[in-house]
Amino acid sequence: MSISDHDPDRTTTSRSRPRDTAPPDQRADTPVLPHDDSSEQCVIGSLLLEPGYFDAVAEILPAPAAFTGLIPRAIYGAMQGLHGDGTAIDGVTIKSRLAAQHFAGIGDAFDYMVAAADCVPSAANVVAYSKTVRDLWRRREAITALHSAMQGLADGATTESVIATATRALARMAPVAVPDGANPEREAPEPPDLYAPMFHGLAGQIVRTIDPHTEAAPVAVLAHVLIAFGNVIGRAPHFMVDGAEHHANLFTVCVGATSKGRKGTALAQVTRLIDGLDDGWRKDCVKSGCSSGEGLLYAVRDDVRREVQIKVRGRFTGETQEEIVDPGVADKRLLAVESEFAKVLQVASRDGNTLSAQIRLAWDTGNLHVMTKSPLKATGAHISIIGHITKEELKAELLQTDALNGFGNRFLWLYVERSKLLPRGGNLQESELMPLRDKLRLAVAHATAAGEIGMTPEAWELWDAEYERLSTGQAGLLGGMTNRAEAQVRRQAMMYALLDCRHEVDTPHLLAALDLWRYCEATAEYLFGVAPQKQGNELADLVSLIRESGGTMTLREIREKRRKYRPAGVAEAVVEKLIAAGMACWDEIPTATKPKVAVRVFTAGIAVPVPNLNKPLILSEYDTGYRDTGPKNTPPVPPDYDQPPVHMQEAEARDEVARQAEVEGNV
């Protein structure tokens with residue numbers, strides 16, 4: 001049955017289903033998974049007729065995996081990409097997108113779209129259709145997880161491992177939870193006024209000139225100006241703090257609703273302005289696609305040399321000479337533009353991936369290396385990063401990475417929304433850009449010749465007054481994303497001074513940087529903040545601690561991180577409360593020798609206690625009564641799960657004693 005013969009009014013409930021709409025992971029030995037072809041097709045058709053509903057649908061269906069068929073999955077994925085780029089959604093643009101992705105069934109996809117648009121009773125009901133698709137998607141995921149658990153038991157897997165696997169699967173399909181302590185009712189930060197202190201000097205002039213001709217948020221344009229300028233000027237300008245050099249490379253992530261922030265259009269206008277100032281910068285230094293730490297290192301690598309023996313007339317002379325194996329990269333400037341920053345977070349969370357570590361090194365020193373046999377290294381690299389992500393993607397991906405271990409606070413987090421509607425686009429003339437380009441050219445020439453940047457006495461006084469507030473770290477997730485305030489503000493202030501062709505940071509430059517940082521703090525509080533009424537909650541504190549460490553921690557690590565958990569039994573007691581509240585479970589972390597026992601915090605609202613073979617400390621329905629009472633250096637002996645729990649054995653022993661006493665009494 002071809003896709004053109006698809007009946008949009010039929011809900012498939014048996015195995016006799018269209019080949020192209022069957023879930024790819026369904027096998028003959030799995031249960032029939034619930035789905036509704038008509039609802040899926042109505043969602044696609046409604047979006048074709050009324051693309052303006054896409055944001056509402058994306059809130060309900062965040063991923064193409066919600067659809068059962070390969071073709072509707074591909075179509076919905078293409079729609080997501082087009083919407084994220086701000087491109088119109090229609091049959092022609094979707095077909096072009098699928099062709100660019102080398103999708104094999106383009107003809108069938110076009111037939112599907114035609115049928116979908118014809119079958120929609122009313123596009124206004126797209127939310128109802130989407131909720132039906134979502135609910136069936138969750139049921140399929142649950143059924144698949146439970147079926148896999150049953151199959152695992154039938155294949156001889158241990159009960160504990162099966163429960164743990166099913167728990168993880170159920171947690172993945174649950175609705176994404178707001179990070180612990182976050183206030184879901186917190187309002188987004190107010191967009192700054194175009195004449196706020198952050199729009200100081202040449203940077204402010206550029207933003208105010210571009211603003212009438214773009215839907216991008218002014219604060220996003222400002223951030224792109226500072227970061228692009230900082231990358232163009234390289235590593236010559238710097239300031240010193242405790243013997244460490246800080247350069248003009250900044251990282252930022254613009255966070256907004258899907259496409260509404262017009263995050264991508266902010267960079268387009270800025271790079272247009274910079275074109276012509278530095279031949280080859282946009283072509284050679286602006287790249288995307290951070291997929292590994294090694295790949296980032298390779299983009300700014302040093303030359304690779306080796307010693308080779310000299311041969312004359314076919315014989316070695318015993319002397320050696322240096323040979324260049326890889327010429328490396330001469331221009332160490334790199335502006336990494338990641339329009340899908342969620343993919344960067346996904347990559348950084350993979351076991352063994354060094355991307356997170358390399359990004360931290362890029363911000364700190366610019367000297368990159370990997371602990372492998374690879375001869376590649378980079379010295380003096382000047383890397384800047386611009387990322388774009390939606391709020392929903394950030395919630396789903398951030399807590400599953402090591403972003404809280406110094407990764408997140410190297411970024412400036414900016415919440416952005418579309419500033420205006422320009423149905424016919426902007427009309428920024430080249431004549432408006434020329435005066436700004438001339439000033440920018442002077443600023444680039446000044447900055448590339450600058451050395452160490454100081455501060456005026458007035459600026460130092462302001463800095464002294466603000467330093468305590470900036471250096472007082474926040475707790476929990478919010479602190480993990482903002483506890484690098486001093487360095488971030490100093491770097492931004494240096495950028496404002498260089499744009500003004502100054503060798504010292506003056507008061508207006510520092511005020512501008514402080515104003516921009518306050519907006520970054522407001523964004524972080526909105527996205528990651530802790531509600532005041534939950535401050536000091538012992539469970540929230542432990543959850544934050546574990547999440548800061550990547551989501552799992554052993555009891556030993558908990559005690560080492562927090563002094564208050566060091567007394568005997570304190571950490572165990574709080575962990576018991578945490579698991580009893582359904583917020584965490586015991587888990588095993590594989591190692592080269594034997595698994596480590598760790599506490600794993602749930603990132604979604606699923607709470608299934610998981611017993612552990614090595615050290616089941618938690619009093620629950622799975623408790624065996626076993627406790628580690630031996631010497632601290634002696635590893636605990638796992639309980640025998642083939643035997644009844646200890647408390648049951650003791651009860652049986654007491655009953656046996658009572659029976660014996662009764663027998664003896666009768667005798």
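All figures in this text were calculated on a predicted structure; none of them were measured in a lab.
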Results of salt bridge (Lys or Arg N to Asp or Glu O under 4.0 Å) for Asp284 - residues two or more places apart only: none
What distance do Asp500 atom CG and Asp506 atom CG have between them, rounded to the nearest 0.5 Å? 9.0 Å
CD1 on Ile389 to SG on Cys254, rounded to 0.5 Å: 11.5 Å
Mark yes when over 12 heavy atoms from residues, nucleotides or ligands other than Glu319 sit less than 6.0 Å from its CD; otherwise mark no. no
Which atoms form the tightest heavy-atom contact between Arg282 and Val286, and what is the distance? O-CB, 3.5 Å
Would you mind telling me which of Arg490, Arg491, Gln488 makes a side chain to side chain donor-acceptor pair (under 3.5 Å) with His246? Arg491
Side-chain contact test, heavy atoms from C-beta onward, threshold under 4.5 Å: evaluate it for Asn409 versus Met481 and give yes or no. no
Would you check if there is a donor-acceptor pair between the side chains of Glu307 and Thr320 at a distance under 3.5 Å? yes
Residues in ring pair (Phe, Tyr, Trp, His ring centres under 6.0 Å) contact with Phe229, at least two apart in sequence or another chain: none
So that I can tick it off, tell me whether Glu560 and Arg556 are bridged by a salt bridge, with the cut-off set at under 4.0 angstrom between side-chain N and carboxylate O. yes
Taking the side chain as every heavy atom from C-beta outward, state whether Arg306 and Val304 have any atom pair closer than 4.5 Å. no
Atom CG of Leu394 and atom CG of Leu345: how far apart are they, to the nearest 0.5 Å? 7.0 Å
Just by modelled atom types, is the Gly289 backbone N or O under 3.5 Å from a matching donor or acceptor in the Glu338 side chain? yes
Counting only N and O atoms by type, is there a donor-acceptor contact under 3.5 Å from the side chain of His509 to the main-chain atoms of Met495? no
Examine distances only and state if a side-chain atom of Tyr496 and a backbone atom of Met198 form a donor-acceptor pair shorter than 3.5 Å. yes
Look only at the side chain of Trp463 and the backbone of Leu510, and say whether a donor-acceptor pair between them is shorter than 3.5 Å. no
Pairs meeting criterion ring pair (Phe, Tyr, Trp, His ring centres under 6.0 Å) with involvement of residues 290-345, two or more places apart: Phe341-Phe411
Just checking, is any N or O donor in the side chain of Arg360 or Ser356 under 3.5 Å from an acceptor N or O on the other one? yes
For the student: nearest non-hydrogen atoms of Ser471 and Glu486, plus distance: CB-OE2, 3.4 Å
Salt-bridge test for Glu521 and Arg518: reply yes if a basic N is under 4.0 Å from a carboxylate O, no otherwise. no
Salt bridge (Lys or Arg N to Asp or Glu O under 4.0 Å) partners of Arg235, counting only residues at least two apart: none
Gap between atom CD of Glu461 and atom OG1 of Thr456 - 0.5 Å precision: 9.0 Å
Across all chains, not counting sequence neighbours, the salt bridge (Lys or Arg N to Asp or Glu O under 4.0 Å) partners of Glu322 are Arg305
Answer yes or no: is there a side-chain heavy-atom contact under 4.5 Å between Asp211 and Val221? no
Glu468 atom CD: more than 12 heavy-atom contacts under 6.0 Å: no
What verdict does the side chain to side chain contact (heavy atoms under 4.5 Å, CB included) test give for Lys332 and Asp302, after you've listed the backbone C-alpha separation in whole Å, the side-chain angles of each residue and the deciding distance to 0.1 Å? CA-CA 9 Å; Lys332 296 301 184 71; Asp302 296 341; 2.4 Å; yes
For Ile324, is there any backbone N or O sitting under 3.5 Å from a side-chain donor or acceptor partner on Asp303? no
Using side chain to side chain contact (heavy atoms under 4.5 Å, CB included) as the criterion, point out the one residue from Asp278, Ile383, Val300 that pairs with Arg333. Asp278
Taking atom CD1 of Ile94 and atom CE of Met79, what is their separation to the nearest 0.5 Å? 3.5 Å
Any chance the rings of His224 and His388 have centres within less than 6.0 Å? yes
Quick check: does any side chain N or O of Thr448 sit under 3.5 Å from a backbone N or O of Ala445, one acting as donor and the other as acceptor? yes
CH2 of Trp517 to OG1 of Thr482: how many Å apart, nearest 0.5 Å? 6.0 Å
List the steps, then state whether side chain to side chain contact (heavy atoms under 4.5 Å, CB included) holds for Leu202 with Val225. CA-CA 10 Å; Leu202 180 56; Val225 169; over 6 Å; no
Is Arg272 paired with Glu432 through a side-chain N to carboxylate O contact shorter than 4.0 Å? no
With sequence neighbours excluded, what pairs up with Thr354 under the side-chain hydrogen bond (donor to acceptor under 3.5 Å, both in side chains) test? Glu294
On a heavy-atom basis, which atom in Ala99 and which in Ile106 lie closest, and how many Å separate them? CA-CD1, 3.5 Å
Does the distance from a Lys or Arg side-chain N to an Asp or Glu carboxylate O, for Arg441 and Asp438, drop under 4.0 Å? yes
